[in-house]
There are 2 protein chains.
Amino acid sequence: MTLESLYERIRDSSLRLTKGKLAVLECLYHQHASLTAQEIFDRVSTQSDLESLDLVTVYRTLEALTKIGVVEQVEHSVKGRKFQIAGRSHSHTVHCIVCGVDVEMKECLLESIEQKIEAQTGFRALRHTVNFYGECALCISSEHEA
Amino acid sequence: MTLESLYERIRDSSLRLTKGKLAVLECLYHQHASLTAQEIFDRVSTQSDLESLDLVTVYRTLEALTKIGVVEQVEHSVKGRKFQIAGRSHSHTVHCIVCGVDVEMKECLLESIEQKIEAQTGFRALRHTVNFYGECALCISSEHEA
DNA sequence: AATTTACTGCAAACAAGTTGCAATTGCAAA
DNA sequence: TTTGCAATTGCAACTTGTTTGCAGTAAATT
Ligand SMILES: [Mn+2]
Ligand SMILES: [Mn+2]
Ligand SMILES: [Zn+2]
Ligand SMILES: [Zn+2]
């Protein structure tokens, strides 16, 4: 999925391709993981050549882009709402409740479950957000030392 | 898991078995699903014989009970943070993004994935929260009518 | 009963996200 | 290219959910 194809989808909607949208979109596109609105705001504010883009505008931009399906939202149990380019292949992280590290998994692993849900409930076009918690290998071993 | 056994775990901790804790705990215990702090507050306020229990106290009680592992928290993508008795067998719901209905699954289905995560990352004692979204069977069929 | 320490209510502070409004700007038709 | 309008913006104010400070109250333990 190219950045240009995302611009196209914006032009095809009633949305306008403004500097703000370009900055937010580019920021998310070049980011592999998801970001909070605040994180996007911070990056756009410093990295971009834009003098300033209000945090409110970032929220409104993300909402508009979500509405046309270019962006999607996930809930991170610690960081709250996060945003990412929609439809990309994804995986999930495991969060250590002791040291706070987030470890990324190789792949999503939930597709098979979604198939069962479709069969069991008749739901279609399923999506999901997941949070896994536990104690990471490092924290387990330092526990034994103490 | 009996209610009395939960009281015991509270007595064994540094916590005190107050009217407030009893009310919150009983409310959660007799509830099969999870509840938001506000929902717990509402139920305790009306149902219980307690004249009043401040919402702040409900939050502090839930935090304390979470800390000793009697209560656990899950993120509902629509309703926000919810609370439930920890360690009960559980399942998950699928949320229809069209009509908003929540359909309960028969079982959790994620244990097998947690085993893979343990093997892949060395994490232990995994827990999870999940949100599944899609379009429910009813909304799909009414779409065809229109 | 006296002591200790957790708990409570109330007010205030916070954080994330939303809304109203007037001024600005993208875009496309003329 | 100019014009007109709907989309967009910044700013301030607001809402909702949650947390904190503090002074008084109430469990447990002796
Ligand atoms: Mn996934
Ligand atoms: Mn589960
Ligand atoms: Zn760790
Ligand atoms: Zn539905």
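What you see is a predicted model; the values in this text were computed from it and never measured. Just so it is clear: chains get the letters A, B, ... in the order the sequence lines come, proteins before strands, and each one is counted from 1.
- Within 4.0 Å of B/Gly20, counting heavy atoms only, lie sugar-phosphate atoms of the nucleic acid but no base atom.
- When rounded to the nearest whole Å, the span between CG of A/Leu55 and P of C/dT19 equals 15 Å.
- Rounded to whole angstrom, the span from the CG atom of B/Leu62 across to the C1' atom of D/dG17 amounts to 13 Å.
- Annotation for A/Leu138: atom CG does not count as buried by contact number, only 12 or fewer foreign heavy atoms lying within 6.0 Å.
- As a whole-Å value, the separation of A/Gln38 CD from C/dT18 C1' is 16 Å.
- Taking atom CG on B/Asp54 and atom P on C/dA6, their separation rounds to 20 Å, with Å as the unit.
- Between the side chain of B/Arg11 and the base of D/dA28, no donor-acceptor pair of N or O atoms lies under 3.5 Å.
- Side-chain contact, A/His92 with B/His128: no donor N or O sits under 3.5 Å from an acceptor N or O.
- At least one side-chain nitrogen or oxygen of A/Thr18 sits closer than 4.0 Å to the OP1 or OP2 atom of D/dT9.
- Partner of A/Ser91 under the side chain to side chain donor-acceptor pair (under 3.5 Å) criterion, out of A/Glu104, A/His32, A/Glu107: A/Glu104 alone.
- A/Ser14 comes within 4.0 angstrom of sugar-phosphate atoms only, judged by non-hydrogen atoms across all strands, and of no base.
- Contact between the side-chain N/O atoms of A/Tyr59 and the OP1/OP2 oxygens of C/dT18 is not found at any separation under 4.0 Å.
- B/Leu53 comes within contact range of the sugar-phosphate backbone alone, with a heavy-atom separation under 4.0 Å but no base atom that close.
- Note: CD (B/Glu63) to C1' (C/dA6) measures 14 Å, nearest angstrom.
- Contact annotation: B/Thr57 does not reach the phosphate of C/dT8 (side-chain N/O to OP1 or OP2, under 4.0 Å).
- The NZ atom of B/Lys19 sits 16 Å away from the P atom of C/dC7 (whole-angstrom rounding).
- At whole-Å resolution of the value, CG in B/Leu65 and P in C/dA6 are 15 Å apart.
- Evaluation of atom-type donor-acceptor distances gives a pair under 3.5 Å for the side chain of A/Arg60 against the base of D/dG10.
- Checking A/Thr66 against A/Glu72 by side-chain atom types alone, no donor-acceptor pair falls below 3.5 Å.
- Residues B/Ala37 and A/Ser52 both approach DNA chain D. Their nearest nucleotides, taken by heavy-atom distance, put A/Ser52 toward the 5′ side.
- With hydrogens and angles disregarded, no donor-acceptor distance shorter than 3.5 Å links the side chain of A/Gln120 to the backbone of B/Met105.
- Where A/Leu17 and A/Val56 meet DNA chain C, the nucleotide closest to each residue was compared, and A/Val56 sits on the side nearer the 5' end.
- A/Phe41 places its CZ atom 10 Å from the P atom of D/dC11, with the value rounded to the nearest Å.
- An OP1 or OP2 oxygen of C/dT5 is reached within less than 4.0 angstrom by no side-chain nitrogen or oxygen of B/Arg16.
- At the phosphate of C/dT8, OP1 or OP2 sits under 4.0 Å from a side-chain N or O atom of B/Thr61.
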